[in-house]
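In what follows, a single structure is set out as structure tokens and then discussed.
Just so you know, these numbers come straight off a predicted model, no measurement behind them. Note on naming: letters A, B, ... go to the chains in the order of the sequence lines (proteins, then strands), and numbering restarts at 1 for each one.
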Amino acid sequence: MVAFVLRKVSFMVVTLFLLASLTFVLMNVIPGSPLQSEKATSEQVKKNLEAYYGLDKPMFERYINYMDNLIHGDLGVSMKKKYQTVERMISSSFGYSLRLGLASIVTSVIGGCVLGILAALYHRRFLDHFSMTLAVIGLAVPSLILGPLLQYIFAVKLGWFSVAGLKRPLDYILPTIALSASSIAVIARLIRSTMVEVLNGDFIKTAKAKGLAGHMIVWRHALRNSMLPVVTYLGFMIANVITGSVVVEQIFAIPGLGKFFVSSIVDRDYPLIMGTTIFYAVILLIGRFVADIAYVLVDPRIRLKGGKAGA
Amino acid sequence: MKVDKKKGLLLPLVVVMMLAAVLSACSNNNNGNNAAPSSSASSSSSADVKKGGEFRFTLASEPPSLDPALMTDAQSSIVAAGLYEGLYRLDSAGEPQPAIATGYDVSDDGLVYTFKLRDDATWSNGDKVTANDFVYSWKRALAPETASEYAYMLFYIKGAEEYNAGTGSADDVAVKATDDTTLEVTLKSATPYFPSLVSHYTYLPVHEATVEANEAWAADASTIVSNGPFLLKEWAHEDKLVLEPNPNYFDKDKVNFSKVTISLVEDNNTVYNMFQSDDIDWIGAQAGQVPTDRTAQVIADGSAQVKAIASSYYYVFNTQKAPFNNVKIRKAFSMAIDRQSIIDNITQANQTPAYALVPPSIAGTDGKLFREMYPDTGYFSEDIDEAKKLLAEGMAEEGIAQLPKITLLYNTSEGHKAIAEAAADMWRKNLGVEVAVTNQEWGTFLETRDAGQFDVARAGWGADFNHAINFTYDLIHPKSGNNDGKYDNEQVGKWLDESLAATDEATRLDLIAKAEKQAIDDMAVLPFYYYTTVTMVKDDIEGVTSDYSGHIDWVFGSKK
């Protein structure tokens, strides 16, 4: 187990290094510059700005500089938002994205599990079709549509929630639904398909034969086995969801991290591009790492390595 | 089994129908709601100015900086208008009004300005605002190590450009405080619109001790020391800014709002919804924007106002490259465009068709607007037959039987795309010319256009200050860095140079108008329209408007 963790961690460090280097090179070779503006300024003003941001130095020197700072935990200062450190920009906006993301994960897992279990238990009956119809709608309607729709109906027309912002706990509801709809659908479908299979498995029949209560079978045996693909999916989903959604944050005017992924590139704000990319990568790597560990905990077949596989 | 399958089909259908019913019910309600406020608006025009009340509006993104020397954008300038007070302040018509300065004297040659400052203005920490604060602030904005992008706004001052370039010293910048309330500025050449220029945010003062103590002073509400009508109470980055009246402001009777909340909201539909649900009091003029698909409706039902602003939308021709090195071909392309049809069908905000460069809200002289003195309606006309003829003649002059492949370049945006496609369609129909339409992301677009790698490219220009020279010298002077089509007419350059040297305003404007007319005769660019801004305001807000340039002017507004 220790060797497993060590190997994973060293792999993560190498991945991060390669990613940071590649991003640094890519953002420097694409056209455009952090100093771009529609109105031409004087050559001198441009030179002063380049000197100020160190852009007059060769790329390799800047790269070494950046990596040196990065190792010391310094992500630099934004080139667009004057005198705001990238670290502060990320940490203050991450709070919003994280809270919304966690709400969305909880909602997705609970909503997805309930729909999925219902669908599997009432396989090919009304509840199955109902759940799967909901799931199809959830998948088919992007948050770009669902967000404004929810906002219009529940905030503007009915006045139950604020149109924008996260000032009260209630304000989390609309963005959470908009953010969760597609993952609820994915999880419901994953659970349904594996559970239908698992419910037909021999060990379930054995459990039934032993006289175990219906809900115990579902809870102890069927759900646990059906969770495996969900855990895989969650590894990716967590990273995506807690680092903020560009669309949902924009619609509900949430000051989260999501928009920096886009705006930093449009602005060619080099330190912010590096900061957000590295931050996202770290979260994604950790998410996958946790998912790997979770496999071991959830899947009895992995835990009982080489034992009664396929039982 | 058969029954099950039927159910499977029916259910989604029912859900979709229910959704549709909900949706249509909502949009019906909406129409009813919108009509109400507009009818009551007209009946309540006269009311006393009342103290107090909160004013709420949105900005699409947070100000990159609240340090006057580092500001470059509308967001920053809208907030700065409340936080800082310069020598002069532009009123909403764009005329400079005395602020920290009570008046000025100008030498006969127009070079030396002596500003007299009021002695009762203070900083938010209690220190007096003196002439030395302006000397310090202007020199700081010019210092190469400050790396101010807008330092060139100060290049009118003698010695300024040299100091910024590192070839001169700070001492040689010709701005000095002869005493606490007298500021003497010597200019490089006569600049009659200098009082208008000193209203620009790059000329706003900063507090020396604060700036010297902490270079990041302007990034947080707690460290900003300012001298304007309002103070920054809270700056929740990427979320909102909260302003409250400055109790030490010298003219505090003029300030009415007891609180101003600026939310940072990017999405236009969200802004509109916030207005509908009474979360904000204002949309428009760079402080939120009415969604394009609602614009026509809110103008038609009277719930929004339309105002001309000082910005022009145009296409630049690459005049150094075939086929647009030929003036007749350029003219043909411009005359084949039906501007009104583009405004009616695409932009839909009652923009004015443009036949020249200077927009209608730019001032002229003697209380008249520039365009009132020199209307652009006769500069050229849209005439398809004439355009066809000119195209044929132009091609004959160039000795070509067929036009080379022409590409129209614009920066990625739905609005620009619609206009580009309409233009290409008009050229196809009216001239029989195929033009490929292509878009690039903003940064790439700027680089391509600067490098002259285009045939026709989209462009827009908004005023830096309220004078026609800002739309002529900057755009069509052969030496201007913003003359992206590399239009090169020596005579135009000469007239514009002469206009700067002219001592009397009427002569100056004549020269500018001559240069502009010549550039349009040469069809240096293809003018499309002069921008407007569509604004919506709650009934109980007064004195908030869009200024000449199209920025919200909110500072001295009031709430009933």
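Contacts of B:Glu238 with chain A are made by both backbone and side-chain atoms, with heavy-atom separations under 4.5 Å. In this structure, no portion of B:Phe445 lies under 4.5 Å from any heavy atom of chain A. Using a 4.5 Å cut-off between heavy atoms, B:Thr58 makes no contact with chain A at all. Looking at B:Asp279, the atoms closer than 4.5 Å to chain A (heavy atoms on both sides) all sit in the side chain, from C-beta outward. Neither the backbone nor the side chain of B:Gln440 comes within contact range of chain A, judged by heavy atoms closer than 4.5 Å. Heavy-atom distances place the side chain of B:Trp461, and not its backbone, under 4.5 Å from chain A. For B:Asp450, no part lies under 4.5 angstrom from a heavy atom of chain A.
Ranked by heavy-atom pairs shorter than 4.5 Å toward chain B, the options A:Gln84, A:Met89, A:Lys259, A:Glu249 are led by A:Gln84. Interface check for chain A: of the options B:Asp239, B:Asn273, B:Thr72, the most heavy-atom pairs under 4.5 Å are formed by B:Asn273. Among the candidates A:Gln250, A:Gln151, A:Gln36, A:Glu50, the residue making the largest number of heavy-atom pairs closer than 4.5 Å to chain B is A:Gln250. When B:Asp484, B:Asp464, B:Leu264 are compared by the number of non-hydrogen pairs under 4.5 Å with chain A, B:Asp464 comes out ahead. Per-residue counts of heavy-atom pairs under 4.5 Å with chain A were compared for B:Ala147, B:Ser65, B:Ser148; the largest is that of B:Ala147. The candidate with the highest count of non-hydrogen atom pairs below 4.5 Å against chain B, out of A:Val136, A:Asp267, A:Ile251, A:Ile265, is A:Ile251. The greatest number of non-hydrogen atom pairs below 4.5 Å with chain A, out of B:Glu149, B:Glu145, B:Glu215, is found for B:Glu215.
More than 12 non-hydrogen atoms from other residues, nucleotides or ligands lie less than 6.0 angstrom from NZ of B:Lys188. Within a 6.0 Å sphere centred on NZ of A:Lys80, heavy atoms belonging to other residues, nucleotides or ligands number 12 at most. Counting heavy-atom neighbours within 6.0 Å of B:Arg449 CZ, excluding the residue itself, gives a total above 12.
Annotation: side chain of B:Ser277 is in contact with side chain of A:Val163 (closest heavy-atom distance under 4.5 Å). You'll find the side chain of A:Lys81 stays beyond 4.5 Å of the side chain of B:His237, heavy atoms only.
Here CZ of A:Arg88 is found 4.5 Å from CG of B:Asp220. Values are rounded to the nearest 0.5 Å. In this structure, A:Asn48 CG and B:Leu142 CG are separated by 10.0 Å, a value rounded to the nearest 0.5 Å.
Sorted by first then second residue, the salt bridge (Lys or Arg N to Asp or Glu O under 4.0 Å) pairs that include residues 159-175 of chain A, not counting sequence neighbours, are A:Arg168-A:Asp171. Pairs passing the ring-ring contact (aromatic ring centres under 6.0 Å, His included) check and including a residue from residues 153-175 of chain A, sequence neighbours excluded, read A:Phe154-A:Trp160.
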